[in-house]
There are 2 protein chains.
Amino acid sequence: MADGQNVSESVTDRARSAATEAASGRDSEAVSRFVERFASQLVEAGMQRMPARVFAALLSSDTGVMTSAQLGEQLRISPAAVSGAVRYLSQQHMVSREREPGSRRDRYRVHSDQWYEAVTNRDAVLRRWEDALREGVQQLGADTPAGRRLAETLAFFEFLQGEIGRLMERWRAHRAELFGGGRAEI
Amino acid sequence: MADGQNVSESVTDRARSAATEAASGRDSEAVSRFVERFASQLVEAGMQRMPARVFAALLSSDTGVMTSAQLGEQLRISPAAVSGAVRYLSQQHMVSREREPGSRRDRYRVHSDQWYEAVTNRDAVLRRWEDALREGVQQLGADTPAGRRLAETLAFFEFLQGEIGRLMERWRAHRAELFGGGRAEI
DNA sequence: CGGTACGTTCACAAATTTGTGAAGTTAAGG
DNA sequence: CCTTAACTTCACAAATTTGTGAACGTACCG
């Protein structure tokens, strides 16, 4: 049995939180406030609640890495809910899942660059929109008023897709300028 | 009583559709296919179903203008559903509402430029995200690992907001090149 | 090998969202 | 003015989504 882990987990949640908080100097109240506030903004933008909360929790964790158990405890949700949320986030490439060798615990990580690239990577979404529009132009006829309107919309999205790549390039440069060129992993 | 309008509306839906279709040469089957397909993509991206369908219907209409009654008939939804959908779309600046003087009918219009500008105008959303992040940085401390991660995220969104304006400028130039400089209203 | 700590899946109950019919409101037209 | 055509609002029923508990699979550890 992995005693080191059990010692820390056999104490009550409250005591554990207090200990953790004292050790890290983090105000869990403040963390929670941020998590709920930021998550609610993500929800408003169309994200499901649990993924949003899990993501916010990870984003505001000190190391950027948390286990399922930690997420469940901090957010007061069931293992099943954590499971569903992290599956969604993985699919969206907003977190990556790791398992430390010799452990049964999955760890979930936000790479601070990876995640906002995922947000701008609406590539798949854009492509599906474009497909639908292309088909619409064809079915309605490129020479009809409606067809022309759809074609212009399509052109816009194609333009957008091209620009996004260049924009991210500029961001990386800007980022290096702001935070230093080193690939500091946070 | 406005007889001209009543004549066209007293015939059955089916007859009316057939007449309209023959007159305009539009294949209502094809229109409907596009509407439902494009709408479902919008839904997948987070939009509610009725607004998405109404928007797609307007986008694929020949004039870009439809009345409540026309929308209800084409989509087979109640006046109440139309009302809710267009209210939402107006708030998002994706359609504009007009009333022709001397009529009781509202008309809803997509300006082919207005609408995608609205899509990129996530300004309000971005601003709320930034607010939440700024508060998070302050509460967690700018000198903590979590604080630094939030600060970088915040910087990214601020960067993004600045870039979007320039990007839209470039689009307008590109658009003029593709479709001619005239402000052809479609 | 056996025990056990984890994560996942599934069926279900609760909560939320969605769209409708009906009543209410406003304004045009006789 | 009175009628009527339009849009809106509201309460409710239906459908969908959401999160849970429990059963299940899997792999570590002694």
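Numbered from 1 within each chain, the chains take letters A, B, ... in sequence-line order.
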Ignoring the backbone of [X], work out which of [options] is nearest its side chain.
X	options	result
B:Arg104	D:dT20, C:dT20, D:dT4	D:dT4
B:Met50	C:dA5, D:dG21, C:dG19	C:dG19
B:Ser78	C:dG7, D:dG19, C:dT20	C:dT20
A:Asp106	C:dT20, C:dG7, D:dC7	C:dG7
A:Ala80	D:dG21, D:dT9, C:dG7	D:dG21
B:Arg97	D:dT8, C:dG7, C:dT9	D:dT8

Practice task
Using a strict 4.0 Å threshold on nitrogen-to-oxygen distance, state whether A:Arg127 and A:Asp131 make a salt bridge.
Solution key: no
Practice task
Assign each of B:Pro51 and A:Arg107 to its nearest nucleotide of DNA chain C by heavy atoms, then name whichever residue's nucleotide is nearer the 5' end.
Solution key: A:Arg107
Nearest-Å distance, [atom1] ([X]) to [atom2] ([N])?
X	N	atom1	atom2	answer
A:Gln48	C:dA15	CD	P	19 Å
A:Arg105	C:dT4	CZ	C1'	13 Å
A:Leu89	C:dG7	CG	P	16 Å
A:Arg87	D:dT18	CZ	P	13 Å
B:Glu44	D:dT16	CD	C1'	16 Å

Handout entry: Exam field: side chain A:Ser32 to backbone A:Glu29, donor-acceptor pair closer than 3.5 Å
Key = no
Practice task
May I ask you to evaluate whether A:Arg49 reaches the phosphate of D:dT18, defined as a side-chain N or O under 4.0 Å from OP1 or OP2?
Solution key: no
Practice task
Assess the side chains of B:Tyr108 and B:Glu98: does a donor N or O sit below 3.5 Å from an acceptor N or O?
Solution key: no
Handout entry: A:Arg128 atom CZ, neighbour heavy-atom count above 12 within 6.0 Å
Key = yes
